[in-house]
Amino acid sequence: MLNIVLFGPPGAGKGTQAVKLVDNYNLVHLSTGDIFRANIKGETELGKLAKSYMDKGNLVPDQVTISMLEAEVDKNPTANGFIFDGFPRTTPQAKALDKFLASKNTTISIMLALDVPNKELVKRLLERGKDSGRADDLDENIIANRIKVYNEQTAVVAEFYANQNKFEKIHGVGSIDEIFIRLCKAIDNKYKKV
Ligand code: ADP
């Protein structure tokens, strides 16, 4: 299996690149943000809970997020591999994912970390907020909090994978296709294409 963690701050372009990687490597895309948003739209209990955190730009509690993610993996027993987008976002999530994948005799192959300067992130998120309808992209204070939460709670997850020799930093500024080629090169250098 080819299991990729697509990493980077809010606005780094994870969602955009995930769609292209899924297509190229025949993977299942699991975006925790998208799954939470689908639950909010469907007015589920999970959606109501997640919304109360997401509206402020805070993280949804680990246990809720981990259980949801594991259930999504289990819905795809024949997958070739997964792209985890927006997960893991804390060290406990990373540890839980390692344990869960090990129980299925598989592991994370590589973490691809999109590197984008802060100023560019805020610009991209405000731009996206104009037509995405995402409340958390429309307010500069919420954006600032998401970047703060990323720096305080999420950035350390990179070290978790660096310690396993799985961390690859990718320059995240340029055209969508340029960045995609950089990501593919990093994957193909480390692993044969599946
Ligand atoms: P972005 O990367 O632009 O912040 P996402 O769609 O990945 O957008 O996430 C939106 C929000 O969903 C986050 O701000 C957070 O509240 C919640 N969320 C997504 N993934 C996780 C996660 N792994 N753990 C906790 N909360 C999460």
Side-chain angles (χ1 to χ4, degrees), residues 3-19 21-22 28-42 44-73 82-101 108 111-158 160-161 170 172 176 179 183:
N3 295 314
I4 298 171
V5 172
L6 197 54
F7 193 71
K14 299 184 293 289
T16 307
Q17 294 297 334
V19 174
L21 290 167
V22 159
V28 172
H29 178 204
L30 294 183
S31 156
T32 40
D34 286 351
I35 302 166
F36 285 135
R37 279 185 290 275
N39 275 277
I40 292 173
K41 212 171 159 203
T44 68
E45 284 306 311
L46 174 64
K48 278 182 214 155
L49 177 83
K51 189 174 186 322
S52 64
Y53 293 92
M54 289 169 77
D55 280 353
K56 299 190 188 81
N58 291 326
L59 295 183
V60 179
D62 279 340
Q63 211 40 59
V64 177
T65 308
I66 291 164
S67 305
M68 176 190 82
L69 192 276
E70 293 184 354
E72 291 296 322
V73 170
F82 292 89
I83 294 190
F84 299 103
D85 163 4
F87 185 93
R89 248 176 161 100
T90 63
T91 302
Q93 290 181 15
K95 287 185 178 161
L97 181 63
D98 259 17
K99 211 171 145 192
F100 178 67
L101 293 178
I108 291 299
M111 166 187 260
L112 298 166
L114 288 168
D115 187 33
V116 178
N118 261 7
K119 241 177 110 182
E120 171 78 13
L121 295 175
V122 177
K123 197 179 100 193
R124 287 186 191 178
L125 289 169
L126 287 170
E127 200 54 44
R128 181 168 82 185
K130 285 184 195 159
D131 44 33
S132 73
R134 275 181 60 171
D136 63 345
D137 283 344
L138 281 168
D139 182 321
E140 243 180 286
N141 291 323
I142 298 175
I143 291 177
N145 190 45
R146 282 156 64 205
I147 295 174
K148 180 167 167 272
V149 167
Y150 175 83
N151 288 327
E152 287 175 0
Q153 298 181 52
T154 305
V156 291
V157 176
F160 182 87
Y161 291 99
I170 308 290
I176 290 173
I179 298 164
L183 291 166

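In this chain, numbering begins with 1 at the start of the sequence shown. Every number for a ligand or one of its atoms is a count from 1 in the order of the listing.
Near Asn58, meaning under 4.0 Å from one of its heavy atoms, ligand 1 places the atoms 15 (C), 16 (O). For ligand 1, the atoms closer than 4.0 angstrom to any heavy atom of Arg37 are 6 (O), 10 (C). Ligand 1 places these atoms under 4.0 Å from at least one heavy atom of Thr32: 19 (C), 20 (N), 21 (C), 23 (N). Close approach of ligand 1 to Gln93 (heavy-atom distance below 4.0 Å) involves ligand atoms 22 (C), 23 (N), 24 (N), 25 (C). For ligand 1, the atoms sitting less than 4.0 Å from at least one non-hydrogen atom of Thr65 are 22 (C), 23 (N), 24 (N), 25 (C), numbered in the order shown with element in parentheses.
Inter-residue side-chain proximity for Leu114 and Phe7 is flagged as unmet; no heavy-atom pair is nearer than 4.5 Å. The side-chain heavy atoms of Val64 and Leu49, taken from C-beta on, include a pair separated by under 4.5 Å. Phe82 is not listed as a side-chain neighbour of Glu72, based on a closest heavy-atom distance of 4.5 Å or more. Considering only heavy atoms from C-beta on, Thr90 comes within 4.5 Å of Leu59 through its side chain.
In this structure a side-chain-to-backbone donor-acceptor pair under 3.5 Å is present from Lys14 to Pro9. Between the side chain of Lys123 and the main chain of Lys119, no donor-acceptor pair closer than 3.5 Å is present.
The part of Arg128 lying near ligand 1 is the side chain, judged by heavy-atom distances below 4.0 Å. Contacts of Thr90 with ligand 1, taken as heavy-atom pairs under 4.0 Å, are absent altogether. For Arg134, every heavy-atom contact with ligand 1 shorter than 4.0 Å involves the side chain, none the backbone.
The nearest non-hydrogen atom to atom 5 (P) of ligand 1, considering only Lys56, Lys14, Arg89, comes from Arg89.
Protein heavy atom at the shortest distance from atom 12 (O) of ligand 1 is Met54 CE, 3.3 Å. The nearest heavy-atom contact from the protein to atom 26 (N) of ligand 1 is Val60 N, 3.0 Å. Of all protein heavy atoms, the one closest to atom 27 (C) of ligand 1 is Phe36 CE1, 3.7 Å.
Closest heavy-atom contact between Lys51 and Asp55: NZ-OD2, 2.6 Å. Pairing each heavy atom of Gly129 with each of Leu138, the nearest pair is O-CD2, 3.2 Å.
More than 12 heavy atoms of other residues, nucleotides or ligands shown are found within 6.0 angstrom of CD on Glu120.
The shortest N or O to N or O distance between Gly86 and ligand 1 is under 3.5 Å.
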